[in-house]
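No experiment lies behind these values; they were computed from the predicted model shown. When a ligand or atom number is given, it counts from 1 through the structure's own listing order.
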Amino acid sequence: MALYSDKVMDHFLNPRNVGIIEDADGVGEVGNAKCGDIMKMYLKIEDDIIKDVKFETFGCASAIASSSMATEMIKGQPLEQAAQLTNKAVAEALDGLPGYKMHCSVLAQEAIHEAIKNYEEKGENKNE
Ligand code: FES
C-alpha cells in the first residue's frame, strides 16, 4: 500500500487556501518542537462565521495536506463548530495518515484553536 492516500498527495501537491490574510480577525501559530515544523492559520470572521481562512505551513507533506484539508473543512462554518474540529476528523477526511504522521494533523487542529482563541481574546479586549 502506498504510504500516502491519493487525497493526501492531492492536498500536498495542490494545497488549498495557502497564503496570508492581511487583516485577519484571528491568527494562530503553532509548532512541533520535535520536528521543528510550524503552521500559521489566519481567519476572517463575520457574525461568528469563518468567512475566509488561509494558512502557511513550513513543514512536511502531511502537515501541508492536513492544513489544506482543515481549511476546507472549516471555511463557512460557525466558530463554535470549527473549534470542535479534531485532528482525527482531518486525518479521516484525508483517507488516513500513517500512524507516525498523526501528530502532523494535530498541528492543524491546534493552529485553528489558537486562531479562534486569538480572535476571542481580541473581542474581550475591545469590551474593556
Ligand atoms: Fe512535523 Fe509532520 S513531521 S508536522
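With a 4.5 Å cut-off on side-chain heavy atoms, Met73 and Val90 count as touching. Inter-residue side-chain proximity for Val53 and Leu43 is flagged as met; some heavy-atom pair is nearer than 4.5 Å.
Of the protein's non-hydrogen atoms, Asp37 OD2, 3.0 Å is the one closest to atom 4 (S) of ligand 1.
Of the N and O atoms on the side chains of Asp95 and Ser5, not one donor lies less than 3.5 Å from an acceptor on the other residue. Counted by atom type alone, Tyr42 and Glu56 present one or more donor-acceptor pairs between their side chains at under 3.5 Å.
Atoms of ligand 1 lying under 4.0 Å from any heavy atom of Leu107, numbered from 1 in the order shown and given with element: 4 (S). Numbered from 1 in the order shown, with element, the atoms of ligand 1 that lie under 4.0 Å from a heavy atom of His103 read 1 (Fe), 2 (Fe), 3 (S), 4 (S). Atoms of ligand 1 lying under 4.0 Å from any heavy atom of Ala63, numbered from 1 in the order shown and given with element: 4 (S). Listed by number with element, the atoms of ligand 1 under 4.0 angstrom from any heavy atom of Cys35 are 1 (Fe), 3 (S), 4 (S).
The shell of residues lying under 4.0 angstrom from ligand 1, judged by heavy atoms, includes Lys101.
Residue contacts with ligand 1, taken as heavy atom pairs separated by less than 4.0 Å, do not involve Lys34 at all.
Within a 6.0 Å radius of CG in Asn14, more than 12 heavy atoms belonging to other residues, nucleotides or ligands are found.
Here Cys60 contributes SG and Cys104 contributes SG, and at atom 2 (Fe) of ligand 1 these two atoms make an angle of 100°, given to 10°.
Between the side chain of Gln109 and the backbone N or O of Asn87, at least one donor-acceptor pair lies under 3.5 Å.
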